[in-house]
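Below: one structure, written as structure tokens.
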Amino acid sequence: MRSEVDPAAIPAPAREICAALRADGHGAWVVGGCVRDHLLGRAVSDWDLCTSARPERVMRLFPRTIPTGIAHGTVTVVRDHEHFEVTTLRGDGDYTDGRRPDAVRFLDDIDDDLARRDFTVNAIAYDPISGVLVDPHGGLDDLRRGLLRAVGDPSLRFGEDGLRVLRGARFTASLGFDLEPATEAAIPGALHVLRRVSPERVREEWLKALKAPAPSRAFAVMARTGILAVNIPALTAPSKDPAEWERSLRAVDACPPLATSRLAALLHTVEAPLLEAWLRMTKFSNDERATVMTLRRALPLGAPGGWSDAEVRRWLRKVGRGAAREVLDVAASLEDEDSLEGLRARVEAAIAAGVPLSVAELAIDGNAVMAALGMTPSRALGTLLSGLLERVLDDPSRNTPEALMELAREAHAPPR
Ligand code: ATP
Ligand code: MG
């Protein structure tokens with residue numbers, strides 16, 4: 001970790017924006033998550049700025065701006081095709097909806113702005129012109145110690161905005177930090193405000209947690225503080241079956257780092273219809289939902305070692321070649337790897353052997369069958385072709401034009 005900000009790391013346009021604000025008589029800083037990530041030596045994607053200048057002044061000072069969130073004091077300044085959010089220092093009015101302050105008060109003092117932020121490590125500002133770091137809540141010390149500590153009284157802060165407890169849990173995974181004990185202890189008392197957080201925001205935090213190197217850190221916190229039960233009531237309480245929950249946590253870390261795979265592993269105990277309803281309600285995209293459900297439904301848990309070759313091929317047909325490897329990766333994170341290695345090899349062998357998985361992939365086509373048997377496109381033809389696919393899944397050596405035509409004739413004119 002760095003003990004100070006490296007001025008050269010701040011993009012030139014961000015520094016120029018701060019310089020222009022200072023020249024106009026205002027204070028200007030880089031602030032929040034970007035300073036935190038920079039000090040941790042992590043890549044910074046967005047450098048957020050804050051200033052004592054009012055939003056109208058910011059808009060007049062720079063030629064290209066976008067009034068992104070003007071009511072909350074945020075103006076986007078465009079420089080060299082890069083976008084920088086510049087937010088006027090603010091304090092929050094009362095929170096009555098558990099999510100957004102009723103009113104925003106613009107302020108002149110950076111310390112007052114930092115006081116409304118959630119965790120001390122997110123409440124550090126840096127003035128790139130004077131080189132002064134503003135850290136009134138001991139954020140640098142907490143960064144060093146790997147601690148997430150609420151700014152001020154954790155119960156009050158969590159009570160204002162229900163998103164904060166979820167962010168706290170998520171940061172334990174994305175930063176690999178621990179919640180400071182008093183901060184964690186305040187979470188259960190704030191769950192009623194978490195209930196008011198929109199599903200979109202819940203999804204966003206879950207996706208950020210799932211991207212972390214070890215997502216289980218966040219979900220373990222969520223389980224023991226009660227966040228999980230609020231976010232997903234359909235999941236059996238971890239305390240009811242701790243061993244199964246431990247298995248889910250191990251699996252979410254062992255899974256390949258795809259959010260959909262990791263969700264399927266973490267939530268493999270949730271019954272499929274409940275899981276689907278939850279994904280819909282939590283506003284996961286149609287693609288995300290379809291992928292998780294394919295994975296969830298196709299997980300070969302139990303005793304795939306005992307499957308016949310035909311069962312392996314039918315499983316592959318159901319899952320599809322594209323998803324098969326992903327499903328096996330998720331399953332491997334849940335089962336012991338040995339029991340799945342055999343299945344993995346057999347699936348790969350079936351794919352390599354070119355086993356047809358649909359009627360369209362049979363070695364004979366519908367037109368040839370119609371011509372030979374004098375049939376027309378009809379449901380009977382569809383049934384006949386599906387029957388042929390089943391026979392091939394039982395025994396792939398039947399997948400030749402001659403053998404299939406023979407089987408088709410038999411099926412069409414059964415012996416009397
Ligand atoms: P991420 O790594 O997800 O970007 P972040 O901390 O940068 O994390 P942002 O949403 O980009 O999160 O917010 C920027 C800053 O705004 C935070 O670092 C924090 O200072 C403040 N902030 C964001 N959300 C809240 C909140 N719900 N309550 C208080 N302060 C917040
Ligand atoms: Mg950020």
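Atoms within a ligand are numbered from 1 in the order they appear, just like the ligands themselves. Side chains are part of it too, since the values below use all heavy atoms of this structure and drop only hydrogens, waters and symmetry mates.
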Between [X] and [Y], is there a side-chain N and carboxylate O pair less than 4.0 Å apart?
| X | Y | result |
| --- | --- | --- |
| E184 | R224 | yes |
| R217 | D253 | no |
| R313 | D395 | no |

Starting from [atom], locate the nearest protein heavy atom and write down its residue, its atom name and how far away it is, to 0.1 Å.
| atom | result |
| --- | --- |
| atom 28 (N) of ligand 1 | R164 NE, 2.7 Å |
| atom 15 (C) of ligand 1 | R117 NH1, 3.7 Å |
| atom 30 (N) of ligand 1 | D118 N, 3.3 Å |
| atom 4 (O) of ligand 1 | K208 NZ, 4.1 Å |
| atom 20 (O) of ligand 1 | N122 O, 2.9 Å |
| atom 7 (O) of ligand 1 | G33 CA, 3.3 Å |
| atom 11 (O) of ligand 1 | D48 OD2, 4.4 Å |

Location of contacts on F171 toward ligand 1, heavy atoms closer than 4.0 Å:
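Under 4.0 Å from ligand 1, F171 contributes side-chain atoms alone.
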Can you tell which part of D161 has a heavy atom less than 4.0 Å from ligand 1: side chain, backbone, both or neither?
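Side chain only; the backbone of D161 stays clear of ligand 1.
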Please check: side-chain N/O of D161 versus main-chain N/O of L163, any donor-acceptor pairing under 3.5 Å?
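The answer is yes, because a donor-acceptor pair under 3.5 Å joins these two groups.
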Can you say whether the rings of W278 and F284 are parallel (under 30°), tilted (30 to 60°) or perpendicular (over 60°)?
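Geometry flag for F284 against W278: tilted rings.
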Taking 4.0 angstrom as the limit and counting only heavy atoms of G32, give me the atoms of ligand 1 inside it, by number and element.
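Matching atoms, with element in brackets: 18 (O).
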Can you tell me if E244 has over 12 outside heavy atoms packed within less than 6.0 Å of its CD?
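More than 12 heavy atoms, drawn from other residues, nucleotides or ligands, come within 6.0 Å of this atom.
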Should one rank R36, K211, R167, E205 by closest heavy-atom distance to atom 17 (C) of ligand 1, which comes out on top?
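Heavy atom nearest to atom 17 (C) of ligand 1 belongs to R167.
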Are E326 and S261 linked by a side-chain donor-acceptor pair shorter than 3.5 Å?
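Yes, S261 and E326 have a side-chain donor paired with an acceptor closer than 3.5 Å.
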Are any of the N or O atoms of R99 closer than 3.5 Å to those of ligand 1?
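No; every N/O pair is 3.5 Å or more apart.
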